[in-house]
Protein chains: 2
Amino acid sequence: MLPDQTLPREAADSRNGADAPRASTTRNGLKITTDRVNIREVAEQAKVSVATVSLVLNKSPRISRATSLRVQKTINDLGYQPNRLAQSLSGRYTYSFAILLPALRHAFADAYFGEIISGICDRAGKMGYKVILEQAKPQYIKDRKHVELFERRFVDGVLCAGFNDKHRFLADFGECKCPMVLVDNKVASMDHVVCDYRLGAEQALNAILQLGHRSVALIYAAPESQTARQVAEVYARKLADAGIPFDKALTEDGCFTDIGGAAAAEKLMKRRPDITAILANNDKMALGAIRYLQTSGRNVPKDVSIVGFDDLQHSAFANPSLTTVHLPLYEAGGLACERLLERVHGKIDRISENLPTHLVLRESTSLAPILSAAAESARQREPAPATPGSQRVGGHDDGNRG
Amino acid sequence: MLPDQTLPREAADSRNGADAPRASTTRNGLKITTDRVNIREVAEQAKVSVATVSLVLNKSPRISRATSLRVQKTINDLGYQPNRLAQSLSGRYTYSFAILLPALRHAFADAYFGEIISGICDRAGKMGYKVILEQAKPQYIKDRKHVELFERRFVDGVLCAGFNDKHRFLADFGECKCPMVLVDNKVASMDHVVCDYRLGAEQALNAILQLGHRSVALIYAAPESQTARQVAEVYARKLADAGIPFDKALTEDGCFTDIGGAAAAEKLMKRRPDITAILANNDKMALGAIRYLQTSGRNVPKDVSIVGFDDLQHSAFANPSLTTVHLPLYEAGGLACERLLERVHGKIDRISENLPTHLVLRESTSLAPILSAAAESARQREPAPATPGSQRVGGHDDGNRG
DNA sequence: CTGAAAGCGCTTACAG
DNA sequence: CTGAAAGCGCTTACAG
């Protein structure tokens, strides 16, 4: 009896050209052809019809156990693998999804997108799906390549990350009834799986206010992004709740980039040198702000505390390590993938998920300077650890998903 | 006359279910069906055979200009898009490549791989190829999914990044005659496109030695990697050339990670407190080393200079910004993609490319402390710029590719 | 429970 | 220069 996991055998010799007639030889008592084995050969060898092999392949309950086992054995013996082009051409599904990103330079090198992509790929792999990578460059959209993805049968669905209200082409998917889900973004009433930016902003501002900061700035980005607007809203509300009136001069656009974050921090500090804390809408802008503050002679966190959003892997290795709102981007990617498949199968017709965040307290935040000075005399100094420890705050892991 | 770039028209109404008989109506004088248009309908409308449409589609020179134009117009009018599953099933190519990465956690969030992936995707898009993402997890290899990529006709070729001599499964591609190219790695005699790590190491060590450093450490990684071995070789040779004997105690494995880099720096500095410069085999380890040095009370670069390899985007935004060997990873990905296509088409049967590097001088390097002290008195201080400037050294852009 | 046959939408010799 | 026909390798009603 053969072991359970018989590996497919490779017919290594290919003396015949691709167009030569299929030459079959008998070796080890098994029929082996020099070309790829197809379903017809399996059928012949197992003495059943091609239809039966197909049904076995697709685990149809209509096939008797005996027949199924016999066919299965033949499949293993011959090392048969169904041609997925033929499967998809005849069948309903391509078993592929596309990830569509904005037209940023070297977009796939961005750690934010990388987390989402990793989450999607891992989950897709487990579901038997392949993932292709696409970027929405202007010419791409003009040529309607995003719709072509479906029309030419490349994919069953698309996962979009990094888009906002301004990306009007997103509506094309809805018009074509093409399954599409936004990951970590909301646009109109489209399907989405997002991190809870409101909750994240609350967690960040609770920490900042608790540390005694009263002059708190916001480096925002892309007012076209619904999640970014939510952060701005919570920022205004939480300060108001603490008796601090909203001041537009304390907010600046950082364009989601490190350079933009540095530039925004510079404008803010020049306008309001009394700022003692800055909340940034992502880690890159937060790190850019730190960079500016340090090169302008300020100490982070003693002079100014910084809080970001994302919790990218290298944010823990910055100096100082970054206090930030952890966004479950990897999980959002995976969940979007799963829901998208259910959507493709018609099991659900609406995707709307909201994943909880938590704050990761690291070195870039401290007491407001005025409190810090008071506490200084009463406190002992401890050496900083080599590897930055992180403290998790406000985790809502009981799953308050919408 | 219709404009040149007529967009395909969508039959927006789908009152008929998917399985309803194909309903054709006439609107605007054009035949429009509620289902996807296929090649047969184009042929009927253009009053030619299906074969002719196919030949027009594939720009065969055997079709007369008049016929070609007429068919082309019908294609535009009907908004016909060939089903690529059918094209690939009948034809020779899938028009897809796979990117295969090692089984690291969240591998796609890694900026190093991200640069390579971006380079591949951009070039593949221009070549009309799609790119799918795969990860070589243990079970994946055990199930021979990497070979299945070809056997089940998912792809025409595979681009591998991040592997080394220990990844024995790479040989499977050669046995199956499956086109595969290694990006930024060499293994045995397999096809590859690499950055010139020898040149990079020379550029880094030239700079370090010129700054007067004599006690120079190396944080290496993966001796199974041929490129990493090359850096170690050049390190030993350049020091020897400068009259500094090789000392194993000055080298430590950093496992290619930031944590590993920090740990390696700690071991090195405890063993040899006199070290004034460290060369790390990648940026992550370099940034980890900086992190350790700073938290242990040392100043980078005044006490210890650090040089990395990669030039990742965020390395320019570290504090201090990182002096590093720029690896043309984006370009390597693109070139590998291009060569792989030539290999698939049988135009070449061997890929071996070597791309030049250059050093980017930033803030993490300075004169050796002893020289620095001497120079101190004679030098004026300048304030550091907000955005770190970079100085490019040793660029060999005249293309000395092997 | 299984088989014969039509069909998915293309490409590619082969004829003319 | 163009067409009729076979074929790529599957799936899916439809019969029995």
Side-chain angles (χ1 to χ4, degrees), chain A residues 17-22 33 35-72 74-75 78 80-95 148 150-154, chain B residues 17-22 33 35-72 74-75 78 80-95 148 150-154:
Chain A
D19 294 332
R22 195 170 223 131
T33 65
D35 217 344
R36 183 82 46 243
V37 177
N38 64 21
I39 198 171
R40 189 173 46 73
E41 295 175 77
V42 174
E44 282 171 13
Q45 186 108 348
K47 310 234 181 295
V48 293
S49 72
V50 161
T52 299
V53 177
S54 176
L55 292 171
V56 169
L57 233 37
N58 294 296
K59 306 201 195 313
S60 163
R62 289 159 40 199
I63 301 296
S64 73
R65 185 159 167 70
T67 307
S68 178
L69 287 175
R70 181 156 46 93
V71 172
Q72 201 66 61
T74 309
I75 287 173
L78 296 179
Y80 167 69
Q81 318 247 75
N83 179 318
R84 67 106 198 188
L85 293 169
Q87 284 183 314
S88 293
L89 181 60
S90 302
R92 263 176 86 79
Y93 305 112
T94 64
Y95 305 100
E148 201 177 276
F150 292 92
E151 293 176 339
R152 298 193 54 201
R153 299 220 56 202
F154 282 103
Chain B
D19 295 332
R22 194 170 225 134
T33 65
D35 218 347
R36 184 84 44 245
V37 178
N38 63 23
I39 199 172
R40 190 174 43 75
E41 295 175 76
V42 175
E44 283 171 14
Q45 187 107 347
K47 309 236 184 291
V48 292
S49 73
V50 163
T52 299
V53 177
S54 176
L55 292 171
V56 169
L57 233 38
N58 294 294
K59 307 202 194 310
S60 163
R62 290 160 38 199
I63 302 295
S64 73
R65 184 157 166 71
T67 307
S68 179
L69 285 175
R70 181 157 45 93
V71 172
Q72 202 65 60
T74 309
I75 287 173
L78 295 180
Y80 167 68
Q81 318 247 76
N83 179 318
R84 66 104 197 189
L85 293 168
Q87 285 184 313
S88 294
L89 181 60
S90 301
R92 262 175 84 81
Y93 306 112
T94 64
Y95 305 100
E148 201 177 275
F150 291 92
E151 293 177 338
R152 298 193 56 201
R153 300 221 53 203
F154 282 102

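By convention in this document, chain letters (A, B, ...) are assigned in the order of the sequence lines, proteins followed by strands, and residues within each chain are numbered from 1. Quick caveat: nothing in here was measured; it's all calculated off a predicted structure.
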Nearest whole angstrom, please: distance from the [atom2] of [N] to the [atom1] of [X].
X: A:Arg153; N: C:dC8; atom1: CZ; atom2: C1'; answer: 9 Å
X: A:Arg40; N: C:dA5; atom1: CZ; atom2: P; answer: 15 Å
X: B:Ile39; N: C:dC8; atom1: CD1; atom2: C1'; answer: 13 Å
X: B:Glu151; N: D:dG9; atom1: CD; atom2: C1'; answer: 16 Å
X: A:Gln81; N: D:dG9; atom1: CD; atom2: C1'; answer: 14 Å
X: A:Arg70; N: C:dC1; atom1: CZ; atom2: P; answer: 14 Å
X: A:Leu85; N: C:dT11; atom1: CG; atom2: P; answer: 13 Å
X: A:Leu89; N: D:dT12; atom1: CG; atom2: C1'; answer: 13 Å

When you measure from the side-chain N and O atoms of [X] to the phosphate of [N], is any distance below 4.0 Å, counting only OP1 and OP2?
X: B:Asn83; N: C:dG9; value: no
X: A:Gln87; N: D:dT11; value: yes
X: B:Tyr80; N: C:dC10; value: yes
X: B:Ser54; N: C:dT11; value: yes
X: B:Ser49; N: D:dG3; value: yes
X: A:Thr67; N: C:dT2; value: yes

- Query: NA contact type, B:Val48, heavy-atom cut-off 4.0 Å: base, sugar-phosphate, or nothing?
  - Reply: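 Sugar-phosphate contact only.
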Gap separating the [atom1] atom of [X] from the [atom2] atom of [Y], nearest 0.5 angstrom:
X: A:Arg65; Y: A:Gln72; atom1: CZ; atom2: CD; answer: 10.5 Å
X: B:Arg84; Y: A:Leu89; atom1: CZ; atom2: CG; answer: 10.5 Å
X: A:Glu41; Y: A:Leu78; atom1: CD; atom2: CG; answer: 7.5 Å
X: B:Ile75; Y: B:Ile39; atom1: CD1; atom2: CD1; answer: 8.0 Å
X: B:Gln87; Y: A:Arg152; atom1: CD; atom2: CZ; answer: 5.0 Å
X: B:Gln45; Y: B:Arg70; atom1: CD; atom2: CZ; answer: 11.5 Å

- Under a 4.0 Å heavy-atom cut-off, which of residues 55-64 of chain B touch DNA chain D?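 Output list: B:Arg62, B:Ile63, B:Ser64.
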Below 4.5 Å, heavy atoms only, C-beta onward: do [X] and [Y] meet side chain to side chain?
X: B:Leu55; Y: B:Val71; value: no
X: B:Arg36; Y: B:Asn83; value: no
X: B:Thr94; Y: B:Phe154; value: no

- For DNA chain D, the dot-bracket pattern of Watson-Crick and G-U pairs whose distances stay under 3.5 Å, | for other-strand partners: |||.||||||||.|||
- Message: Determine whether a donor-acceptor pair (N or O, by modelled atom type, separation under 3.5 Å) exists between the side chain of A:Ser90 and the backbone of A:Ala86.
- Response: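 Indeed, once roles are kept as given, a pair shorter than 3.5 Å links the two residues.
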- Query: Between D:dT12, C:dT2, D:dG9, which nucleotide has the shortest distance from any of its atoms to the side chain of A:Ala51?
  - Reply: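 Nearest listed nucleotide: D:dT12.
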